[in-house]
Colleague: 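Have a look at this one before I ask anything.
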2 protein chains.
Amino acid sequence: MKSPEAVLSQPAGCPSDDDFLRLDQQVCFPLYAASNALTRAYRPVLAPLDLTYPQYLVMLVLWERDGLSVGDLGQRLRLDSGTLTPLLKRMEAAGLLSRQRASDDERRVEIHLTEAGRTLRQAATAVPPQMLCAMGLSIDELKSLKAGLESLLDRLDAG
Amino acid sequence: MKSPEAVLSQPAGCPSDDDFLRLDQQVCFPLYAASNALTRAYRPVLAPLDLTYPQYLVMLVLWERDGLSVGDLGQRLRLDSGTLTPLLKRMEAAGLLSRQRASDDERRVEIHLTEAGRTLRQAATAVPPQMLCAMGLSIDELKSLKAGLESLLDRLDAG
DNA sequence: AAAAATTAAATTGTGCTCAATATATACCTA
DNA sequence: TAGGTATATATTGAGCACAATTTAATTTTT
């Protein structure tokens with residue numbers, strides 16, 4: 001019986017289990033390596049903003065809609081409170097946002113941008129063009145990659 | 001001038017900078033989120049082997065060729081010694097491999113599988129089929145995704 | 001051969017990710 | 001309304017990723 005992954009490069013062969021374990025047959029490894037490489041590539045681009053990549057993602061969400069709770073952010077970014085709580089505390093210490101318990105439900109913590117946080121948006125408009133340049137993919141490649149990743153993400157989350 | 005990323009979903013529009021900063025316009029976010037989701041999905045599958053995903057990647061490389069140095073592994077997996085040294089120490093403590101200075105060049109540390117490390121390979125053959133099932137993508141989707149990611153990885157590393 | 005430059009790992013410090021657990025508030029039901 | 005359940009966030013502990021630095025061995029230069 002064939003492994004779908006092995007079939008990728010040996011459509012006519014009859015791969016053994018050995019093939020499934022080869023690094024260059026993996027789909028997951030380039031995903032892992034590309035994600036690491038992407039975070040590395042963002043670092044110098046985000047350095048002028050004093051943001052890490054996860055922090056930048058939080059800002060993207062808050063620039064779209066301010067006042068979300070920790071849970072709302074986690075749902076959007078697929079991160080849990082164990083990740084977000086300390087991350088948001090660092091961003092609060094950096095003066096980008098405030099964390100305060102919601103008055104109508106004391107369990108929730110609402111995140112609001114500070115003036116500095118809102119202002120940072122202007123500088124951030126320089127980020128996507130720089131990253132697109134660093135990635136150097138065509139529009140078609142980007143579209144296809146984005147679609148494939150979103151499809152994968154959906155199914156992994158479902159399982 | 002248009003941002004390629006914005007064009008992805010607004011081919012006929014004239015997107016402003018605002019569009020580039022929308023989370024759902026990003027190619028990088030689904031990559032980041034999918035990578036996190038993938039590591040999560042590997043966790044229960046690798047639990048019987050007592051391996052984390054990065055440790056599993058090290059084993060994949062060593063099963064292909066034993067006796068590589070820390071630097072060789074780093075080049076293959078695109079990880080530096082700051083990541084690999086403690087990771088390999090944990091794997092050594094778990095009895096999967098040995099770390100010893102090369103006799104011909106005392107700067108190098110060579111990694112050799114133990115008998116237990118070699119034996120684990122048999123159990124690992126169950127992993128790729130399980131993950132393919134969890135990912136639930138078609139062969140075409142996998143091929144396209146793999147190609148796109150490797151292309152991206154190449155260009156990010158080049159820059 | 002001695003000094004300088006290069007290379008390979010290890011170390012240090014910061015931040016991220018997550019499972020498991022704890023804590024506190026809100027809701028619900030008897 | 002008292003007790004139980006569910007929900008939201010925080011905490012804890014383990015492991016990963018990486019920049020910057022350190023240490024030690026090799027190679028190159030003078």
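All chains are named by letter (A, B, ...) in the order of the sequence lines, taking the proteins before the strands, and each is independently numbered beginning at 1. Side chains included, hydrogens not; waters and symmetry mates left out as well; all remaining heavy atoms used.
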Colleague: May I have the distance from L46(B) (atom CG) to dA19(C) (atom C1'), rounded to whole angstrom?
Modeller: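 Spelled out: CG on L46(B) to C1' on dA19(C) is 16 Å.
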Colleague: Of the nucleotides dC18(D), dT7(D), dA25(D), which has the atom closest to the R107(B) side chain?
Modeller: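 That would be dA25(D).
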Colleague: Please classify the nucleic acid contact of T39(B) as base, sugar-phosphate, or nothing, using heavy-atom distances under 4.0 Å.
Modeller: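 Contact class for T39(B): none.
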Colleague: Less than 4.0 angstrom between a side-chain N/O of R99(B) and OP1 or OP2 of dA10(C), yes or no?
Modeller: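 So the side-chain polar atoms of R99(B) do come within 4.0 Å of the phosphate oxygens OP1 or OP2 of dA10(C), strictly under.
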Colleague: Does the S35(B) side chain pair with the main chain of L31(B), one donor and one acceptor, at a distance under 3.5 Å?
Modeller: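 Such a contact is absent between S35(B) side chain and L31(B) backbone.
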Colleague: Quick one: which of dT26(D), dA17(D), dA10(C) gets closest to the side chain of P54(B)?
Modeller: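 Output: dA17(D).
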Colleague: Hey, does L79(A) reach any base, or is it just sugar-phosphate, or nothing, if we go heavy atoms under 4.0 Å?
Modeller: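 Sugar-phosphate: the residue L79(A), judged by heavy atoms under 4.0 Å, touches backbone atoms but no base.
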Colleague: Going through the distances and angles, do E64(A) and R22(B) end up as a side-chain contact (heavy atoms from CB on, under 4.5 Å)?
Modeller: CA-CA 7 Å; E64(A) 278 182 51; R22(B) 284 178 46 192; 3.9 Å; yes
Colleague: Could you state the CG-P distance from N36(A) to dA17(D), rounded to the nearest angstrom?
Modeller: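 Distance check: N36(A) CG to dA17(D) P gives 5 Å.
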Colleague: May I have the step-by-step check of side-chain contact (heavy atoms from CB on, under 4.5 Å) for L57(B) and Q26(A), ending in yes or no?
Modeller: CA-CA 10 Å; L57(B) 291 177; Q26(A) 306 286 320; 5.7 Å; no
Colleague: Among dA9(C), dT9(D), dA17(D), which is the nearest nucleotide to the side chain of R101(B)?
Modeller: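 The closest nucleotide is dA9(C).
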Colleague: Quick check for you: among dA19(C), dA25(D), dT25(C), whose closest atom lies nearest to any side-chain atom of D80(A)?
Modeller: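 Nearest listed nucleotide: dA19(C).
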Colleague: Write down the distance between CG (D104(B)) and P (dA8(C)), rounded to a whole number of angstrom.
Modeller: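 Checked: the CG to P distance equals 12 Å.
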Colleague: Would you mind telling me which of dC18(D), dG15(C), dA9(C) lies closest to the side-chain atoms of Q55(A)?
Modeller: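 Comparing dC18(D), dG15(C), dA9(C) against the side chain of Q55(A), the answer is dG15(C).
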Colleague: Taking side-chain hydrogen bond (donor to acceptor under 3.5 Å, both in side chains) as the definition, give me every residue that meets it alongside E92(A), ordered by chain and number, with sequence neighbours left out.
Modeller: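 R99(A).
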Colleague: dG15(D), dA10(D), dG15(C): which one has an atom nearest the side-chain heavy atoms of V70(A)?
Modeller: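 So the nucleotide nearest the side chain must be dA10(D).
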Colleague: For L84(A) and dT9(D), what is the distance between atoms CG and P respectively, to the nearest whole Å?
Modeller: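 Roughly 10 Å, once rounded to whole Å.
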Colleague: Atom CZ of R108(B) to atom C1' of dT23(D): distance rounded to whole Å?
Modeller: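 That distance rounds to 18 Å.
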Colleague: May I ask you to evaluate whether K89(B) reaches the phosphate of dT11(C), defined as a side-chain N or O under 4.0 Å from OP1 or OP2?
Modeller: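 Indeed, a polar side-chain atom of K89(B) lies that close.
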Colleague: Can you figure out which of dA25(D), dG15(D), dT25(C) approaches the side chain of T52(B) most closely?
Modeller: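 Output: dG15(D).
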Colleague: Classify G82(B) by what it touches in the nucleic acid, base, sugar-phosphate, or nothing, heavy-atom distance under 4.0 Å.
Modeller: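 It contacts base atoms.
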Colleague: Side-chain N or O of S81(B) less than 4.0 angstrom from OP1 or OP2 on dA9(C)?
Modeller: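 So the side-chain polar atoms of S81(B) never come under 4.0 Å of the phosphate oxygens OP1 or OP2 of dA9(C).
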Colleague: Identify, between G71(B) and T83(A), the residue whose nearest nucleotide on DNA chain C lies closer to the 5' end.
Modeller: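 Looking at DNA chain C, the more 5' nearest nucleotide goes with G71(B).
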Colleague: Send over the distance from Q100(B) CD to dA25(D) C1', rounded to a whole Å.
Modeller: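 That distance rounds to 17 Å.
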Colleague: Measure the CG-CG distance between L97(B) and D66(B) for me, rounded to the nearest 0.5 Å.
Modeller: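 CG of D66(B) is found 9.0 Å from CG of L97(B).
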Colleague: Round to the nearest Å and state the distance from Q75(A) atom CD to dT9(D) atom P.
Modeller: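 Rounded to the whole Å, the gap is 11 Å.
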Colleague: Which nucleotide sits closest to the side chain of D105(A): dA26(C), dA9(C), dT26(D)?
Modeller: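 Comparing dA26(C), dA9(C), dT26(D) against the side chain of D105(A), the answer is dA26(C).
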Colleague: Mind checking the CG-NZ spacing from L142(A) to K146(A)? Nearest 0.5 Å is all I need.
Modeller: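 Here the rounded value is 10.0 Å.
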Colleague: Strictly below 4.0 Å: does Y32(B) bring a side-chain N or O up to OP1 or OP2 of dT17(C)?
Modeller: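 So the side chain of Y32(B) is within the cut-off, an N or O lying under 4.0 Å from OP1 or OP2 of dT17(C).
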